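Read the structure below first, then the notes.
The structure presented is a predicted model; accordingly, all values stated were derived computationally and were not measured.
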Amino acid sequence: MKHYSTLLLVALLSLWSPAIFSQSILPATTASTVVWAKLGKGVNVMTADSSFSLQFRLRVQTLSQARTDAETFTNGIWETYIQRLRLRFEGFLFSPKLLYKVQFNASNRDMESQRNTLTDNPGVLRDAVLQWRFAEGWQIDFGQSKVPGNRQRVVSSQRQEFVDRSNANAVFNLDRDIGVTLRHEAVLGNIVLKNALALTNGEGRNRIATPGNAITGRVEIQPFGKFHEDGDNSESDLYREPTPRFAIAAVYSANTNTTRTGGQLGIDLFRPVTINTFIADALWKYNGVSVSAEYFRRFSENPLSINPNNTNDIRFVYNGMGFNMQSTYIFPSGLQVGARYTLVTPSPEIARLTGERNDYVLCLAQYLSGHDLKVMSDFSYITQFIPTTSRTSKTLQARLQVEFAL
């Protein structure tokens, strides 16, 4: 609790200004600053000569969920907690071409639960990156941020159309890492091209580097033109695209000599391995309808990692395939309905340790102020094969989430 309190104190002190308290909503000016605030845009400070800016944002997701066995209706559980609480600081230095972003966690559920508690920090720091737009359409990022992986992971958790991301994303995503990322965007007529190449440590968030590293590339094309209001970085068609918009992308990542089961995520392995991940994703939006799909394939030559002191202690890289497809429709009133299907299948090398999982999900949501204020719910039927017992568990799950962002 001590470091959570410290984070909140730092956030408040960094925003301390008489102008903020005298006019908390309307713009305020002094001889050297301009201050304004707006729901979903946070509190903004800019020097009069436009040489520096700071935006502070806070967002909270409160989740309540219940689960039970779908056949016997036993082993039920109900719980409520803060799913995410984020503090974000961003802006520019000297010029809008030199940007920065720092983001912190302040919720237990948002920490990296599979970290090594002896050597790793608790995962409070999520982003710490300096971005330089050195030429038209070109940008280079230095520091810790999201790896250019699958779309659902790259899209902010604030801008999701379901209560949370899919199980396929949970198993195969590349998460965050520390390093350098080169980004490029070009428009050729009505065609938009977006490419990114990242060279990173390969060990994830704020972790001590190993002799290995990861290289990740993403190539994306939008053949029908740009999405309205950056809609390719936001789920659901809030802006009701008047003409169809489509994006398709491919990602490849090679993480060499990583020491974790998921590369940037997961528990420690007993020896380093190389993990190769291929991802393809697609997004289509039109007139309130949003359809997206993702395909994952992960491969490691030596997925099993056995404790030399205890052969019963086996850890593994999840070699296998994942697939997720989801669709939503949002009415003009802001009411949204949707459905999702997710499949995760292990390869034969690890099939005796983990089994196939299927998720069938229906969602209902109400957007009160876009993604900045919304109530989301979903109902899931989940099947999971358990190799050790040769049976399939069947689970019913209901979730309700309230979210707001300042």
Atom [atom1] of [X] and atom [atom2] of [Y]: how far apart are they, to the nearest 0.5 Å?
X    : Y    : atom1 : atom2 : answer
Q366 : I330 : CD    : CD1   : 8.0 Å
N255 : N213 : CG    : CG    : 8.0 Å
R126 : Q144 : CZ    : CD    : 9.0 Å
L125 : N105 : CG    : CG    : 8.5 Å
S292 : R151 : OG    : CZ    : 8.5 Å
D359 : S380 : CG    : OG    : 6.5 Å

Look at [X] together with [Y] and state whether they make a salt bridge at an N to O cut-off of under 4.0 Å.
X    : Y    : value
R84  : D164 : yes
R88  : D127 : no
D232 : K285 : no
R57  : E90  : no

So do the side chains of [X] and [Y] get within less than 4.5 Å of each other, counting heavy atoms only?
X    : Y    : result
L373 : V375 : no
S166 : R340 : yes
V163 : L63  : yes
D175 : R205 : yes
E349 : L304 : no
Y318 : I350 : yes
I382 : R67  : no
M325 : V291 : yes

No-hydrogen, no-angle side-chain donor-acceptor test under 3.5 Å, [X] and [Y]:
X    : Y    : answer
R59  : S157 : yes
N319 : R298 : no
E235 : S290 : no
Q384 : S393 : no
N150 : E294 : yes
N190 : Q222 : no
T181 : R183 : no
E79  : Q65  : yes
Q139 : E185 : no
N324 : T342 : yes

Is the backbone N or O of [Y] less than 3.5 Å from a side-chain atom of [X], with the two atoms forming a donor-acceptor pair by type?
X    : Y    : result
R315 : F270 : no
R218 : G149 : yes
R165 : N169 : no

Legend entry - Ring-face cation contact, F379 with R399, 6.0 Å cut, 45° max: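 No, R399 does not lie over the aromatic ring of F379.
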Legend entry - Stacked cation flag R109 on Y81, 6.0 angstrom / 45 deg: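 Yes; both conditions hold, so R109 lies above the ring face of Y81.
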Is the centre of the [X] ring less than 6.0 Å from the centre of the [Y] ring?
X    : Y    : result
Y295 : F323 : no
Y329 : F331 : yes
F92  : F52  : no

Inset, instruction - For a ring pair (Phe, Tyr, Trp, His ring centres under 6.0 Å) with Y341, tell me which candidate from F162, Y360, Y381 qualifies. - result: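 When ring pair (Phe, Tyr, Trp, His ring centres under 6.0 Å) is applied between Y341 and each of F162, Y360, Y381, only Y360 qualifies.
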Inset, instruction - Please work out whether the ring planes of F172 and F296 are parallel, tilted or perpendicular, with thresholds of 30° and 60°. - result: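 Correct class here is parallel.
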Legend entry - Ring geometry between Y367 and H371 (parallel below 30°, tilted from 30 to 60°, perpendicular above 60°):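 Because their plane-to-plane angle is over 60°, the rings of H371 and Y367 count as perpendicular.
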Legend entry - K194 atom NZ, over 12 foreign heavy atoms within 6.0 Å: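 Correct, the count exceeds 12.
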Inset, instruction - Apply the side-chain contact (heavy atoms from CB on, under 4.5 Å) test between W284 and each candidate in I248, V289, D237; give the one that qualifies. - result: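 Running side-chain contact (heavy atoms from CB on, under 4.5 Å) over I248, V289, D237 with W284 returns exactly one hit, V289.
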Inset, instruction - Going by the side-chain contact (heavy atoms from CB on, under 4.5 Å) test, name the single residue among Q160, R153, Q158 that passes it with S156. - result: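 Among Q160, R153, Q158, the one that satisfies the side-chain contact (heavy atoms from CB on, under 4.5 Å) with S156 is Q158.
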Inset, instruction - Mind running side-chain contact (heavy atoms from CB on, under 4.5 Å) on D69 and T395 for me, showing each step along the way? - result: CA-CA 5 Å; D69 186 286; T395 304; over 6 Å; no
